[in-house]
Amino acid sequence: MCMEIRDNTLYFDGCDTTALAKTYGTPLYAYSQTALEDRFRALHTEFLDKWENTRAAYAAKAFCTPALLRLVKDAGLCVDVVSGGELTCALSADFPAERIEFNGNNKLPAELELAVESGVGRIIIDGLQELSLLESICARKGKKMKVLYRVTPGVKADTHDYIITGKKDSKFGIPLDEDIIYPAIKAAIDSPWVDLLGLHFHVGSQLFEVRPYLEALEVVLGLVKETWTRYHFAMTELNVGGGFGICYTDEVPKGYGWYLDPLMERIDTFFRDLGLPRPAVVTEPGRSVVGEAGITLYTVGSIKDIPGVRKYVSVDGGMTDNIRPALYQAKYRAIAANKAEAPATETVTVCGKCCESGDVLLRDAALPTLEAGDTLAVFSTGAYGYSMASNYNSNPIPAVALVKEGRSGLMVRRQTWEDLLATSCNPGL
Ligand code: LLP
């Protein structure tokens, strides 16, 4: 395990977290390379090595920096990007373009241009309008691209409403209506500029059930069969998305195989019965790769005890480095890194420094008595923390450190106040 308590102090992948806070300042995102490598290995042993003709494309939206994507690349994984920015990041990490997959419900012309120009391995298109746009770019550049269609399987997963993506009323994917989906599939089959490989779905995020995946898969297999019947066209690739749940407080994570084995078994049987070869199968995990591998360190500042109401403990970050509690009522676990063996004696609300009452990181957290200057460590912040960070209140975005077996280095340096002015212009009116 990467977390250890020695001399009343929290150690993370062999590093004294209070020393990390001193060296790099706070707030600080810290990632354990050992924990990341464990997750990469789990993808290999529980999925890639177990099933032939499979790929795992890390969903970069969970946490995207060149240093991290270099580790992902070295682990032999693919990467799923959703913007020109993430694509540029992957290219700057020397990710082979063939191993980059491009998702998104409204890819901009300039983003598709870059994707075609750099020769990404897959473009997961969201509908006919995108197909036409892509065809015109491909025709202009004289390049043919491999594509999948993302479909909206119309299933409802049990998670926060904001992170459900597969239900019918969704901005993602092509709806299943006969007169929308089949003309779109036919147009891609007939297009000289794209090579249609198959279908993609993603049902939601932070899921602990296999049911919605299996339901979505059934819908997609129905489309595969109907496409074969209507056009004698065989799909050669299926992408089942990501969404595997992690532990924030008391959730018990399941292994990759727990979700993916039943899907693979169903896919195998289905194609055997249909008399067609089993397509390549791709998964797109984000949170489950980086979420538990990251923690955030803060320094405690102002403490306000409102008698009979609540005790507020303010830290030097907040919703600017972790919007998830404010946006999704997400829960986290924290400990005092420099009083790691002290018993929890108080129930406090840990809040940030933004001018916003909703800027709360932990509600009713059981912690030892905290004082200004203490280091607070919040666990499982590795996914959708840094990647959703903002400059609200002109707060600089924190640094990101990578630690391994007692050594540490920066993946991203802290923004400075000067950085915040770097894009300012004088309109000269
Ligand atoms: N593939 C597609 C097409 C997706 O839309 C997503 C996530 C993933 C893969 C990766 O899902 P994961 O394995 O990370 O659950 N900001 C929210 C999460 C939004 C997820 C959106 N799509 C949060 O902080 O909970």
Side-chain angles (χ1 to χ4, degrees), residues 29 36 39-40 42-43 47 55-64 68 72 77-83 86 100-107 122-126 130 148-153 155 157-167 170-174 199-209 212-213 216 220 238-249 251 253-256 258-260 281-294 296 319 321-332 361 378 380-390:
Y29 299 102
L36 290 168
R39 301 309 292 151
F40 300 150
L43 274 168
F47 180 56
R55 300 198 309 278
Y58 165 66
K61 73 200 78 176
F63 173 54
C64 182
L68 185 270
V72 172
L77 305 182
C78 300
V79 66
D80 149 38
V81 300
V82 292
S83 69
E86 287 186 357
I100 304 178
E101 325 214 337
F102 193 13
N103 260 296
N105 70 302
N106 181 26
K107 300 179 197 74
R122 304 285 184 275
I123 298 184
I124 292 129
I125 51 181
D126 222 64
E130 185 179 341
L148 279 82
Y149 266 125
R150 177 167 180 176
V151 300
T152 318
V155 302
D158 182 20
T159 187
H160 193 283
D161 216 37
Y162 290 5
I163 51 179
I164 291 178
T165 46
K167 64 178 181 176
S170 171
K171 70 167 182 163
F172 300 102
I174 308 180
L199 302 173
H200 171 290
F201 66 87
H202 173 78
V203 278
S205 205
Q206 183 63 357
L207 304 183
F208 290 93
E209 296 174 287
Y213 290 95
V220 163
L238 293 179
N239 187 319
V240 301
F244 317 121
I246 67 161
C247 174
Y248 285 100
T249 54
E251 304 90 335
K254 316 282 189 188
Y256 287 114
W258 187 83
Y259 296 90
L260 292 167
V281 179
V282 187
T283 183
E284 286 173 346
R287 188 191 316 265
S288 58
V289 179
V290 291
E292 291 184 45
T296 310
M319 63 191 293
D321 59 78
N322 186 358
I323 189 74
R324 301 192 70 259
L327 196 56
Y328 316 120
Q329 298 78 49
K331 306 245 181 316
Y332 285 86
L361 288 173
V378 179
S380 298
T381 58
Y384 304 109
Y386 175 79
S387 66
M388 295 178 84
S390 81

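One-based numbering, in listed order, for ligands and for the atoms of each. By convention here, the first residue in the shown sequence is residue 1.
- Checked against the 6.0 Å centroid criterion, the rings of Y256 and F47 do not qualify as a close aromatic pair.
- Of all atoms in ligand 1, listed by their number and element, those nearer than 4.0 Å to a heavy atom of G243 are 11 (O), 12 (P), 13 (O), 15 (O).
- In this structure, the side chain of Q206 engages the main chain of I246 through a donor-acceptor pair within 3.5 Å.
- Under a 4.0 Å N-O distance rule, the pair K61/E86 does not qualify as a salt bridge.
- With sequence neighbours left out, the side-chain hydrogen bond (donor to acceptor under 3.5 Å, both in side chains) criterion links S380 to no other residue.
- Only the side chain of Y328 comes within 4.0 Å of ligand 1, judged by heavy-atom distances.
- In terms of polar-atom proximity, H200 is not counted as a contact of ligand 1, lacking any N or O under 3.5 Å from an N or O of the ligand.
- Around atom 11 (O) of ligand 1, the closest heavy atom drawn from K61, H202, R150, R287 belongs to H202.
- For the pair M388 and ligand 1, the shortest N or O to N or O distance does not fall below 3.5 Å.
- For Y259, the ring pair (Phe, Tyr, Trp, His ring centres under 6.0 Å) partners two or more places apart in sequence, or in a different chain, are Y213, F244.
- Proximity of a side-chain donor or acceptor of E251 to a complementary backbone N or O of T249 within less than 3.5 Å is detected.
- Considering backbone and side-chain N/O atoms, R324 comes within less than 3.5 Å of an N/O atom of ligand 1.
- Not a single heavy atom of S288 lies less than 4.0 angstrom from ligand 1.
- Within the listing of ligand 1, atoms 13 (O) sit less than 4.0 angstrom from a heavy atom of P285.
- A side-chain donor from one of H200 and E284 sits under 3.5 Å from a side-chain acceptor of the other.
- By the 4.0 Å heavy-atom criterion, A62 is excluded from the residues contacting ligand 1.
- Every atom of ligand 1 is numbered from 1 in the order shown, and the set under 4.0 Å from a heavy atom of G286 is 12 (P), 13 (O), 14 (O).
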